[in-house]
Student: 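Here you go, one structure.
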Amino acid sequence: MSAPSRLAMVPFVSVAQMMQLVHRIGLAAMLRDLADAIEADFLRWEDFDKTARIPAHSREGVIELMPTSDGEVYGFKYVNGHPGNMKEGLQTVTAFGLLAEMRTGYPVLLSEMTLLTALRTAAMSARAARHLAPAGARVMAVIGNGAQAEFQCIGFQAICGIDTVRLYDIDPAATAKCARNLAGSGLRVIPCATAEEAIEGAQIITTVTADKRNATVLGDNMVGSGVHLNAVGGDCPGKTELHRDILLRARIFVEYPPQTRIEGEIQQLAPDHPVTELWQVMAGTAPGRESATQVTLFDSVGFAIEDFAALRYVLEKARETGLYTELDMVADPDDPRDLFGMLQRAAG
Ligand code: NAD
């Protein structure tokens with residue numbers, strides 16, 4: 001990372017620029033790139049300062065900060081989760097993020113991350129499934145057809161070779177929206193009237209619902225042997241999607257255990273219930289799926305290193321394409337001790 005300019009202008013990637021970037025690179029290609037970037041950083045897991053994210057809870061939802069650093073670069077994401085927002089015409093999840101140089105502390109990127117979170121979450125889920133899903137899986141059920149859903153579908157198509165998605169949402173309008181958006185994707189899209197119908201013949205089940213309670217989106221009798229579960233929506237204390245009995249017979253994979261034990265499906269289990277860290281599977285130091293009949297579960301909550309990897313990728317692509325705006329965000333007088341003088345001179 002180069003030294004900050006004298007003016008310390010900070011590249012800012014807006015929502016419009018992020019959308020242009022996705023179209024310039026191509027959605028499937030960008031999802032694959034993000035999965036590669038995340039896996040590369042998971043493979044140097046020990047280099048990172050890690051902490052469970054810092055939440056501020058309210059009755060309606062949560063606002064969280066997700067910081068990490070590899071010693072050279074620092075990054076954080078601000079993200080919220082408000083399941084009731086949708087009824088007011090607002091997003092459930094919005095986010096932005098920042099990268100800074102550890103050496104000087106100067107920011108080097110500010111970026112929208114609402115779209116980037118949907119992209120990196122899908123890339124992460126699909127890359128995890130490539131390690132964990134049964135060989136030859138082609139059919140995925142997607143329960144919860146809101147903002148994240150299409151990204152998950154395209155991510156699994158691009159990264160795992162899924163060719164069919166079976167969609168279900170308690171709100172048929174969400175399923176119709178999702179099916180409409182996926183027309184032309186090359187996926188066979190099957191809207192379903194119930195969760196039971198959606199999981200028929202699916203080797204992968206993605207749950208990506210939003211409800212601030214311990215929901216049972218999937219019951220134990222709905223999960224057959226050999227299925228891979230990608231549980232994305234349960235990501236906060238008191239907010240889960242799977243019946244506890246499913247967890248008791250699944251082999252469970254997580255991002256960062258201290259965070260997932262607070263936020264993930266496994267908050268329903270004893271604090272010492274065995275889990276496998278995904279980075280170890282990627283590194284080859286822990287096994288992934290062990291048999292064709294094993295039920296595997298990626299208990300996704302989203303971890304700071306995924307956002308760090310995504311932001312570094314965006315910074316590189318923004319520089320390559322020029323798709324950013326410079327923000328006058330850091331006060332940086334020519335004489336670093338003359339901050340006051342800079343203010344005085346601005347009066348003229
Ligand atoms: P959204 O509000 O846009 O969509 C959620 C959908 O779930 C809605 O269409 C709703 O009708 C549906 N739903 C709610 N309860 C359901 C049920 N019991 N069965 C079927 N459908 C149901 O939200 P979103 O932005 O798509 O996010 C979905 C979830 O994913 C949220 O809980 C969010 O916090 C979580 N999330 C997790 C990560 C991660 O890294 N793990 C990242 C982003 C979002």
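Quick caveat: nothing in here was measured; it's all calculated off a predicted structure. Whatever order the structure lists them in is the order used to number ligands and atoms, beginning at 1. Basis for what follows: all heavy atoms, side chains included, without hydrogens, waters or symmetry-related copies.
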Student: Considering only heavy atoms, which of Asn230, Asp299, Ile170, Val62 lies nearest to atom 15 (N) of ligand 1?
Tutor: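 Ranked by closest heavy atom to atom 15 (N) of ligand 1, first place is Ile170.
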
Student: For ligand 1, which atoms, with element, lie under 4.0 Å from some heavy atom of Ile143?
Tutor: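 In order of numbering, the contacting atoms are 20 (C).
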
Student: Does a donor on one side chain sit under 3.5 Å from an acceptor on the other, for Thr260 and Glu255?
Tutor: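 Note: Thr260 and Glu255 side chains miss the donor-acceptor criterion.
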
Student: Starting from atom 28 (C) of ligand 1, what is the nearest protein heavy atom, named by residue and atom, and what distance separates them?
Tutor: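 Going atom by atom, the protein heavy atom closest to atom 28 (C) of ligand 1 ends up being Val208 O, 3.4 Å.
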
Student: Should the pair Trp279 and Trp45 be assigned to parallel (<30°), tilted (30 to 60°) or perpendicular (>60°) ring geometry?
Tutor: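 Answer is parallel, since the angle falls under 30°.
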
Student: Given Glu306, Arg213, Gln148, which has its nearest heavy atom closest to atom 44 (C) of ligand 1?
Tutor: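 That would be Gln148.
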
Student: Please determine whether any non-hydrogen atom of Lys239 lies less than 4.0 Å from an atom of ligand 1.
Tutor: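 Yes, that is the case, since the closest heavy atom of the residue is under 4.0 Å from the ligand.
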
Student: Please state which part of Ser300 comes within less than 4.0 Å of ligand 1, counting heavy atoms only: side chain, backbone, both or neither.
Tutor: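 Answer for Ser300: both.
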
Student: Using a plain distance cutoff, I'd like to know if Ala147 has any nitrogen or oxygen under 3.5 Å from a nitrogen or oxygen of ligand 1.
Tutor: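 Yes, Ala147 has an N/O under 3.5 Å of an N/O on ligand 1.
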
Student: For ligand 1, which atoms have a heavy atom of Gly233 less than 4.0 angstrom away?
Tutor: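 Listed by number with element, the hits are 29 (C), 30 (O), 32 (O), 35 (C).
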
Student: Less than 4.0 angstrom from a charged side-chain N to a carboxylate O is my criterion; do Arg251 and Glu290 meet it?
Tutor: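 A salt bridge is present here (some side-chain N lies under 4.0 Å from a carboxylate O).
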
Student: Let me confirm one number: the CD-OG distance from Glu306 to Ser125, rounded to the nearest 0.5 Å.
Tutor: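 Answer for the CD-OG pair, Glu306 versus Ser125, is 8.5 Å.
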
Student: From Asp335 CG over to Phe340 CZ, what is the distance, rounded to the nearest 0.5 angstrom?
Tutor: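 It comes to 14.0 Å.
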
Student: List the closest protein heavy-atom neighbour of atom 18 (N) of ligand 1: residue, atom name, distance to the nearest 0.1 Å.
Tutor: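 Closest protein heavy atom to atom 18 (N) of ligand 1: Val217 CG2, 3.8 Å.
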
Student: Which of the listed options, Val93, Thr121, Thr175, holds the heavy atom that is closest to atom 42 (C) of ligand 1?
Tutor: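 It is Thr121 that holds the nearest heavy atom.
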
Student: Just to confirm my output: which protein heavy-atom neighbour is closest to atom 4 (O) of ligand 1, and how far is it?
Tutor: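 Answer, as residue, atom name and distance: Gly146 CA, 3.2 Å.
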
Student: Give the residue, atom name and distance (to 0.1 Å) of the protein heavy atom nearest atom 2 (O) of ligand 1.
Tutor: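 Closest protein heavy atom to atom 2 (O) of ligand 1: Thr92 OG1, 2.6 Å.
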
Student: State the atoms of ligand 1, each with its element, that fall below the 4.0 Å cut-off from a heavy-atom position in Ala210.
Tutor: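 Listed by number with element, the hits are 2 (O), 5 (C), 7 (O), 14 (C), 23 (O), 31 (C), 32 (O).
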
Student: Salt bridge check, Asp338 against Arg345: does any charged N sit closer than 4.0 Å to a carboxylate O?
Tutor: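 Looking at Asp338 together with Arg345, the answer is yes, because their closest N to O distance falls below 4.0 Å.
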
Student: With sequence neighbours left out, what residues match Phe156 under ring-ring contact (aromatic ring centres under 6.0 Å, His included)?
Tutor: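 Residues passing ring-ring contact (aromatic ring centres under 6.0 Å, His included) with Phe156: none at all.
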
Student: Using a 4.0 Å cut-off to any heavy atom of Ala174, which atoms of ligand 1 qualify?
Tutor: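 So the atoms of ligand 1 that pass are 9 (O).
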
Student: Asp70 and Arg44: salt bridge (Lys or Arg N to Asp or Glu O under 4.0 Å), yes or no, with the steps?
Tutor: CA-CA 9 Å; Asp70 67 357; Arg44 56 189 194 102; 3.0 Å; yes

Student: Using heavy atoms and a threshold below 4.0 Å, how should the contact between Arg120 and ligand 1 be classified: side chain, backbone, both, or neither?
Tutor: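 For Arg120, the contact with ligand 1 is made by the side chain alone.
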
Student: Salt-bridged, Arg244 to Asp220, with N to O below 4.0 Å?
Tutor: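 Salt bridge between Arg244 and Asp220, a charged N being under 4.0 Å from a carboxylate O: no.
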
Student: Return the closest protein heavy atom for atom 35 (C) of ligand 1 as residue, atom name and distance.
Tutor: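 Minimum-distance protein heavy atom for atom 35 (C) of ligand 1 reads Asp235 OD2, 3.4 Å.
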
Student: Rounded to the nearest 0.5 Å, how far apart are OG1 of Thr194 and CD1 of Ile170?
Tutor: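 One finds 13.5 Å between OG1 of Thr194 and CD1 of Ile170.
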
Student: Consider every N or O of Asn145 and every N or O of ligand 1, then say whether any pair is closer than 3.5 Å.
Tutor: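 N/O-N/O distance below 3.5 Å does not exist for this pair.
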
Student: Taking N or O atoms only and a 3.5 Å limit, does Thr117 qualify as a polar contact for ligand 1?
Tutor: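 No; the residue has no nitrogen or oxygen that sits under 3.5 Å from a nitrogen or oxygen of the ligand.
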
Student: If the cut-off is 4.0 Å to any non-hydrogen atom of Val301, which atoms of ligand 1 fall inside it?
Tutor: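 Once the distances to Val301 are compared, the set is 39 (C), 40 (O), 41 (N).
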
Student: Are Glu263 and Lys239 within salt-bridge range, i.e. N to O under 4.0 Å?
Tutor: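 Answer for the salt bridge query: no.
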
Student: My understanding is that only one of Thr276, Thr296, Leu297 makes a side-chain contact (heavy atoms from CB on, under 4.5 Å) with Leu132; could you say which?
Tutor: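 For Leu132, the side-chain contact (heavy atoms from CB on, under 4.5 Å) test succeeds with only one of Thr276, Thr296, Leu297, which is Thr296.
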
Student: List every atom of ligand 1 that sits less than 4.0 Å from any heavy atom of Gly302, numbering the atoms from 1 in the order shown and giving each element.
Tutor: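 Going through ligand 1 atom by atom, the ones under 4.0 Å from Gly302 are 39 (C), 40 (O), 41 (N).
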
Student: With a 4.0 Å heavy-atom cut-off (strictly under), which part of Asn85 contacts ligand 1: side chain, backbone, both or neither?
Tutor: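 For Asn85, no heavy atom sits under 4.0 Å from ligand 1.
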
Student: Do you see a donor-acceptor pair shorter than 3.5 Å between the side chains of Ser291 and Thr293?
Tutor: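 Yes, a side-chain donor-acceptor pair sits under 3.5 Å.
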
Student: Examine the proximity of ligand 1 to Asp169 and report which part, side chain or backbone, both or neither, has a heavy atom under 4.0 Å away.
Tutor: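 Near ligand 1, Asp169 shows its backbone as well as its side chain.
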
Student: Does atom CZ of Arg249 have more than 12 heavy-atom neighbours, drawn from other residues, nucleotides or ligands, at distances under 6.0 Å?
Tutor: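 Buried by this count: over 12 neighbours within 6.0 Å.
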
Student: Which one of Thr209, Val232, Val79 has a non-hydrogen atom at the shortest distance from atom 29 (C) of ligand 1?
Tutor: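 Among Thr209, Val232, Val79, the closest heavy atom to atom 29 (C) of ligand 1 comes from Thr209.
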
